[in-house]
Amino acid sequence: MKKSLVIIIVFLAMFACKENSKTTSDTSTKTEEVKKYPSDIMPFMDKWQILLGDGTRSKDLVNYSKDDFFYVVNEDNTDWVVYKTPNAGITSPNSSNTRTELGEKKRWIPEEGGKLTGTLKVQHVSTTGDATTRSAYSVVVGQIHSDEGHENEPLKIYYKKFPGHEKGSVFWNYEINTEGDNDGRWDFSTAVWGHDFSVLGSSPENYPEEPENGVALGEEFSYEVNVYKGIMHLTFTSEGHETKRFTKNLLKSDFAKKEDIPQQVIDWYSSKRRVGVERDSAYAGEKQFFKQGAYNQANGKSTKSETFNGDIAKQYANGSYAEVWFKEGSLGEGTPAK
């Protein structure tokens with residue numbers, strides 16, 4: 001009897017341990033499966049709203065994500081926020097390009113300023129398009145956008161890579177705040193690493209030389225946009241590349257006279273439309289806001305990119321999309337330049 005009792009007690013103890021182990025295992029599994037949101041990785045999401053490549057909008061990005069457009073991935077124990085958008089989808093009213101892109105809720109004038117930073121890598125740009133058009137194979141990863149007047153853009157930061165090239169280019173564009181009507185507007189491009197916007201193919205399928213100091217897909221780089229007392233200070237850094245810094249006055253135009261217009265601009269625009277001048281005070285006193293994410297510049301209309309009749313799944317399957325990963329970013333007040 002005593003022997004039987006001992007056996008029963010041992011059995012019950014073993015069963016309890018097994019259940020305990022199962023519970024612990026279940027808890028561990030559940031912990032591993034807890035969903036992470038972009039706002040968990042980059043806590044500044046409460047300062048933004050978003051437009052996705054399928055036309056979805058949201059003004060509350062805390063604990064918000066959407067599969068295939070705006071979500072979190074983990075690579076080598078690092079969490080990244082993914083911005084993904086097709087060549088064709090539902091766009092904003094004034095653009096033919098899709099975007100999965102943050103838009104700052106706050107508005108500020110250049111005299112007040114602001115600062116935006118980002119550490120990112122571009123994972124994919126469209127592999128379809130026309131090499132003789134400037135926006136083909138490119139994505140904008142950061143912007144300053146005017147919310148008054150002509151609503152032009154004093155800053156757009158681009159990544160562009162031609163098919164078959166290992167390395168692409170990072171450059172930034174300044175669009176003038178046109179004097180008078182906006183028919184004469186244009187933008188001027190400055191290379192960071194690789195080529196600027198003006199380097200194109202000789203025909204739709206003949207690409208220019210690959211940039212020697214370019215940035216590959218999947219290669220990290222960082223930017224800081226610091227507007228302080230009306231002066232825009234840009235800093236670009238990437239391991240293995242020279243740090244680049246630029247300064248642009250947003251209160252006083254460099255392009256207020258015809259003779260100030262860069263040759264790069266004349267060469268590209270003069271055969272297409274009127275080349276205007278900028279108002280002398282540039283963007284002084286106009287409300288601005290930052291943007292960050294993936295603003296896909298490839299579309300079927302201007303860059304002759306393949307869109308598969310707007311079928312997003314087919315575009316993703318056939319290279320007709322842009323995908324950008326950010327692991328860090330900040331948004332705040334402008335500070336004195338170092």
Side-chain angles (χ1 to χ4, degrees), residues 41-49 81 83 101-122 139-149 151-159 169-177 187-194 196-197 215 219-239 241-255 278 281-295 324-338:
I41 313 308
M42 299 171 72
F44 70 169
M45 289 295 175
D46 61 321
K47 299 178 180 179
W48 303 91
Q49 54 191 349
V81 178
Y83 300 80
E101 186 182 40
L102 304 174
E104 185 184 11
K105 294 178 180 178
K106 180 184 176 181
R107 299 295 187 264
W108 45 271
I109 59 174
E111 294 87 337
E112 296 169 338
K115 182 190 287 188
L116 174 67
T117 71
T119 298
L120 68 142
K121 55 184 179 180
V122 177
V139 60
V140 171
V141 298
Q143 293 190 65
I144 299 175
H145 201 293
S146 184
D147 200 32
E148 292 185 318
E151 298 185 359
N152 290 346
E153 293 130 343
L155 176 68
K156 286 195 284 191
I157 300 171
Y158 281 80
Y159 177 88
S169 299
V170 176
F171 53 88
W172 64 277
N173 284 14
Y174 175 83
E175 184 175 42
I176 63 168
N177 195 8
D187 51 1
F188 176 65
S189 185
T190 302
V192 179
W193 302 296
D196 61 36
F197 214 18
V215 174
E219 187 175 356
E220 288 184 38
F221 64 94
S222 299
Y223 63 73
E224 178 184 277
V225 182
N226 179 26
V227 180
Y228 183 72
K229 294 185 177 180
I231 308 300
M232 179 173 68
H233 305 275
L234 305 176
T235 304
F236 296 88
T237 57
S238 179
E239 185 176 349
H241 296 275
E242 180 185 354
T243 295
K244 297 291 186 72
R245 294 182 173 86
F246 307 89
T247 301
K248 182 74 180 72
N249 193 334
L250 301 182
L251 307 181
K252 176 70 176 175
S253 176
D254 296 319
F255 311 113
E278 185 171 36
S281 57
Y283 286 90
E286 280 196 2
K287 292 179 181 178
Q288 311 291 318
F289 61 102
F290 286 116
K291 307 185 90 172
Q292 185 175 83
Y295 181 23
V324 183
W325 294 12
F326 280 81
K327 71 175 183 180
E328 294 175 354
S330 65
L331 181 65
E333 303 298 319
T335 58
K338 296 178 181 179

Return the [atom1] to [atom2] distance between [X] and [Y], rounded to the nearest 0.5 Å.
X    : Y    : atom1 : atom2 : value
Y283 : N249 : OH    : CG    : 13.0 Å
Q143 : Q288 : CD    : CD    : 11.5 Å
L250 : I144 : CG    : CD1   : 6.0 Å
S222 : F236 : OG    : CZ    : 10.5 Å
S281 : L251 : OG    : CG    : 8.5 Å
I109 : E286 : CD1   : CD    : 10.5 Å

List the atom of [X], the atom of [Y], and the distance in Å for their closest heavy-atom pair.
X    : Y    : answer
V141 : F326 : O-CZ, 3.5 Å
Y223 : Q292 : OH-NE2, 2.9 Å
A294 : V324 : CB-CG2, 3.8 Å
E101 : Y295 : OE2-CB, 3.7 Å
P43  : I41  : CD-O, 3.6 Å
D196 : S189 : CB-OG, 3.4 Å

Apply side chain to side chain donor-acceptor pair (under 3.5 Å) to [X] and list each qualifying residue two or more places apart in sequence or on a separate chain.
X    : result
K252 : D280
S330 : T117
E148 : none
S238 : none

* To do: Report yes if the side chains of I231 and T247 come closer than 4.5 Å at any heavy-atom pair, otherwise no.
  => yes
* Does any non-hydrogen side-chain atom of E224 lie less than 4.5 Å from one of T237? -> no
* Pairs where residues 328-338 contributes a residue and the test salt bridge (charged side-chain N to carboxylate O under 4.0 Å, His left out) is met, not counting sequence neighbours -> K106-E333
* Chi angles and distances behind the side-chain contact (heavy atoms from CB on, under 4.5 Å) call for I157, V225 -> CA-CA 10 Å; I157 300 171; V225 182; 4.0 Å; yes
* **Derivation of the side-chain contact (heavy atoms from CB on, under 4.5 Å) call for Y174 and D254** => CA-CA 11 Å; Y174 175 83; D254 296 319; over 6 Å; no
Suppose we screen for salt bridge (Lys or Arg N to Asp or Glu O under 4.0 Å). Which residues come up paired with [X], at least two apart in sequence or across chains?
X    : value
K115 : none
D187 : R134
E220 : K327

What pairs with [X] under ring-ring contact (aromatic ring centres under 6.0 Å, His included), at least two apart in sequence or on another chain?
X    : result
H233 : none
F289 : H145
Y159 : none
Y158 : F171, F197

* **Steps toward side-chain contact (heavy atoms from CB on, under 4.5 Å) verdict (W172, M232)** => CA-CA 12 Å; W172 64 277; M232 179 173 68; 4.1 Å; yes
* To do: Could you tell me whether W108 and F290 have their ring centroids closer than 6.0 angstrom?
  => yes
* N173 side chain vs K156 backbone, donor-acceptor pair below 3.5 Å -> no
* Kindly determine whether L234 and L155 satisfy side-chain contact (heavy atoms from CB on, under 4.5 Å), including the steps that lead there. => CA-CA 10 Å; L234 305 176; L155 176 68; 3.9 Å; yes
* **Within 6.0 Å of NZ in K105, more than 12 heavy atoms from elsewhere** => yes
